[in-house]
Colleague: 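Sharing a structure below in structure tokens format, with a few things to ask.
Please read these numbers as outputs of a predicted model, since none were measured by experiment.
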Amino acid sequence: MYGLIDCDSFFASCEQVFRPDLRHSPVIVLSGNDGCVIALTREAKALGIKRGIPYFKIKKEIECHHIAVFSSNFTLYGDLSSRVVRMIMNRADEVEVYSIDEAFINLIGEKDPISFCSRLRREIWQGVNIPVSIGIAPTRTLAKIATDFAKHYKGYEGVCLIDTDEKREKALRLIAIDEVWGIGRQLSKKMALYGIKTAWDFTQKKASWTRKNFKIQGLRTWNELQGISCLDAYSPAEKQSICTSRTFSHPIADVELLAERVAVFVAACAKKLRFQNGVSDTLTVFIYTSRHQQDQPQHQEAFPVHLETATNDTLELTHMALQVLRHIYRKGYLYKKAGVIVSNITSSNTVQQNLFDKINRPQRLKLNQAIDRINEKLGQNTIRLARQGNGEWGSKSELSSPHYTTQLDEIMRIK
DNA sequence: TCTGGGGTCCTAGGACCC
DNA sequence: TCTGGGGTCCTAGGACCC
């Protein structure tokens, strides 16, 4: 049996932790640049607001209904997420942290999973003030569905168990096929062509038919829905690729300004690489003009380069990235987004040495680590490459809540 | 004016090898 | 006349997730 612990409207709930006055109110959280809605409370949903909708399109409704709006504050969400995870780990042995707001636990051998999960749910609420819903079922995909029921039907009191074929059939008949984990837009369109509307319809097809039409992924989902577990444990351990990118609040035409941004992205990637003790030998730089303005000249390019020696050195990666940028940059275009990806990541313990390497790597590593330590203590960007500019983003995020839990001077004051 | 950011896995097709 | 077949590796692109 798997349990899935899923935080309710997580980002919005995080904002409510420090704003109890907003507890039962409509609250929305915006993406970077205050672009679009990425999280919203039940009350906001009831007013017709949808995830993904651009902020500027709903400003009227927001005013009219007094909806509380926040720019995203990922430092806060990350911190509260790790507190929730710690509480789960206190109670369960096998915990798979699947995303910032979800974790699976193994409930095999648990005699009374419902009271176990109800207790856990109460503890998380008391300890972190984050509401969670928990679904319990023999596979992860069914546990997801159980969580859906736990969230949407009050009678479950936040915990829903699917442990018999009767319950499974009842649940699957109520779940539309596009709500199933692993079935996205394209696949549900295709399912519709075959008359499949609910998860139950899908399970009535034959395995061979499923394999033929929906390949291995489809068959896996099909099996999971039958109650046969076949998804591997998600291991968040080491990332295979790391990406840092941003959409700019104002488009950038100047290559030097772009270079500044790209240098910042590289530094972020390199830092994350060192943090997981990894090195990368493939560096990709990409720049995009705005897809939403088709009347303007469009240029989208992502250019990967292979490095002789896998590295996590900020200086070396920056040097390469800027060369790539100058190679793909075209004058006269207004770039709206850029980013850097480091991929093919391996452990830094197993780096293939290059006989003709001109860089003193042990020395460089010490330098990078010293920079990381100083920035950790005195704030991001205290020490940075001149290429990174003054560290100002030019990205819009006007409605952010304070970093209540990670910045001493932003800690909550009680009058 | 204004539409996120960060990941994973799978597949098809080409290059290359014997 | 007749022009193989099977395997591996790599990459780009698509689809999915939160």
Colleague: Are the charged groups of A:Glu376 and A:Lys271 less than 4.0 angstrom apart, N to O?
Modeller: no
Colleague: Whole angstrom is fine here: how far is it from CZ in A:Arg291 over to C1' in B:dT3?
Modeller: 7 Å
Colleague: Where each residue is assigned the nucleotide of DNA chain B containing its nearest heavy atom, which of A:Gly52 and A:Ser245 is assigned the position nearer the 5′ end?
Modeller: A:Gly52
Colleague: Thinking salt bridges, do A:Lys144 and A:Asp148 make one under a 4.0 Å N-O criterion?
Modeller: no
Colleague: Between A:Glu316 and A:Arg364, does any side-chain N to carboxylate O distance fall below 4.0 Å?
Modeller: no
Colleague: Verify the contact: side-chain N or O of A:Lys337 to OP1 or OP2 of B:dG5, cut-off strictly under 4.0 Å; return yes or no.
Modeller: yes
Colleague: Give me the distance, rounded to whole Å, that separates C:dC17 from B:dG4 when you measure between the C1' atoms they each carry.
Modeller: 15 Å
Colleague: Among the nucleotides C:dC16, B:dG6, B:dG4, which one has an atom lying closest to any side-chain atom of A:Gln186?
Modeller: C:dC16
Colleague: Send over the distance from A:Asn344 CG to C:dC9 C1', rounded to a whole Å.
Modeller: 13 Å
Colleague: For a quick check of understanding: with a heavy-atom distance under 4.0 Å over all strands, which category does A:Ile216 fall into, base, sugar-phosphate or nothing?
Modeller: sugar-phosphate
Colleague: Just N and O in the side chain of A:Gln217: are any of them under 4.0 Å from OP1 or OP2 of B:dT8?
Modeller: no
Colleague: Picking from B:dG4, B:dC10, B:dT3, which would you name as closest to the side chain of A:Phe56?
Modeller: B:dT3
Colleague: Can you check the A:Leu187 CG to C:dC16 C1' distance for me, whole Å?
Modeller: 8 Å
Colleague: Roughly how many Å is it from CG in A:Asp281 to P in C:dC10, rounded to a whole number?
Modeller: 11 Å
Colleague: Should A:Lys144 be listed as having a side-chain N or O under 4.0 Å from OP1 or OP2 of C:dC18?
Modeller: yes
Colleague: May I ask you to say what A:Asp101 touches in the nucleic acid, namely base, sugar-phosphate or nothing, with a heavy-atom cut-off under 4.0 Å?
Modeller: sugar-phosphate
Colleague: Which sits closer to the 5' end of DNA chain B, A:Thr244 or A:Pro251, going by the nucleotide each is nearest to?
Modeller: A:Pro251
Colleague: Can a side chain N or O of A:Lys215 be found less than 4.0 Å away from OP1 or OP2 on C:dA15?
Modeller: no
Colleague: Should B:dC18 form a Watson-Crick or G-U wobble pair with both distances under 3.5 Å, which nucleotide is its partner?
Modeller: C:dG5
Colleague: Check this one for me: any side-chain N or O of A:Arg220 less than 4.0 Å away from OP1 or OP2 of B:dC10?
Modeller: yes
Colleague: At 4.0 Å (heavy atoms only), tell me whether A:Lys336 reaches a base, stays on the sugar-phosphate, or touches nothing.
Modeller: sugar-phosphate
Colleague: Regarding A:Val180, tell me which of base, sugar-phosphate or nothing describes its non-hydrogen contacts under 4.0 Å with the strands shown.
Modeller: sugar-phosphate
Colleague: I'd like to know whether A:Asp8 forms a side-chain hydrogen bond (donor to acceptor under 3.5 Å, both in side chains) with A:Ser13, so could you lay out the CA-CA distance, the side-chain angles of the two residues, the decisive distance to 0.1 Å, and finally the verdict.
Modeller: CA-CA 7 Å; A:Asp8 302 338; A:Ser13 294; over 6 Å; no
Colleague: Identify whether any heavy atom of A:Leu30 sits under 4.0 Å from a base atom; if not, whether one sits that close to sugar-phosphate; answer base, sugar-phosphate or nothing.
Modeller: nothing
Colleague: OP1 or OP2 of B:dG7 less than 4.0 angstrom from a side-chain nitrogen or oxygen of A:Ser99, does that happen here?
Modeller: no
Colleague: Counting distance alone, no hydrogens or angles: does the base of B:dG6 have a donor or acceptor under 3.5 Å from a partner atom on the side chain of A:Arg246?
Modeller: no
Colleague: Between B:dT1 atom P and A:Asp295 atom CG, what is the distance in whole Å?
Modeller: 12 Å
Colleague: Give the rounded distance in Å between these two atoms: NZ of A:Lys271 and P of B:dG6.
Modeller: 13 Å
Colleague: Choose from B:dT8, B:dG4, B:dC2 the nucleotide whose nearest atom is closest to any side-chain atom of A:Cys36.
Modeller: B:dG4
Colleague: From the list C:dA15, C:dC18, B:dC9, which nucleotide is the closest neighbour of the side chain of A:Gln240?
Modeller: B:dC9
Colleague: Flag yes if more than 12 heavy atoms outside A:Arg326 fall under 6.0 Å of its CZ atom; otherwise flag no.
Modeller: yes
Colleague: Closer than 4.0 angstrom, basic N to acidic O: yes or no for A:Glu224 and A:Arg220?
Modeller: no
Colleague: Measure from the side chain of A:Ser241, starting at C-beta and using heavy atoms only, and say which of B:dT3, C:dC18, B:dG7 lies closest.
Modeller: B:dG7
Colleague: In whole angstrom, give the distance that lies between atom OH of A:Tyr98 and atom P of B:dT8.
Modeller: 11 Å
Colleague: Which nucleotide sits closest to the side chain of A:Pro54: B:dG7, B:dT3, C:dA15?
Modeller: B:dT3
Colleague: What is the distance from CD of A:Glu398 to P of B:dC2, rounded to the nearest Å?
Modeller: 14 Å
Colleague: Verify the contact: side-chain N or O of A:Ser249 to OP1 or OP2 of B:dC2, cut-off strictly under 4.0 Å; return yes or no.
Modeller: no
Colleague: Set out, in order, the CA-CA distance, both residues' side-chain angles and the distance that settles ring pair (Phe, Tyr, Trp, His ring centres under 6.0 Å) for A:Trp209 and A:Tyr194, then state yes or no.
Modeller: CA-CA 11 Å; A:Trp209 180 89; A:Tyr194 296 112; 4.9 Å; yes
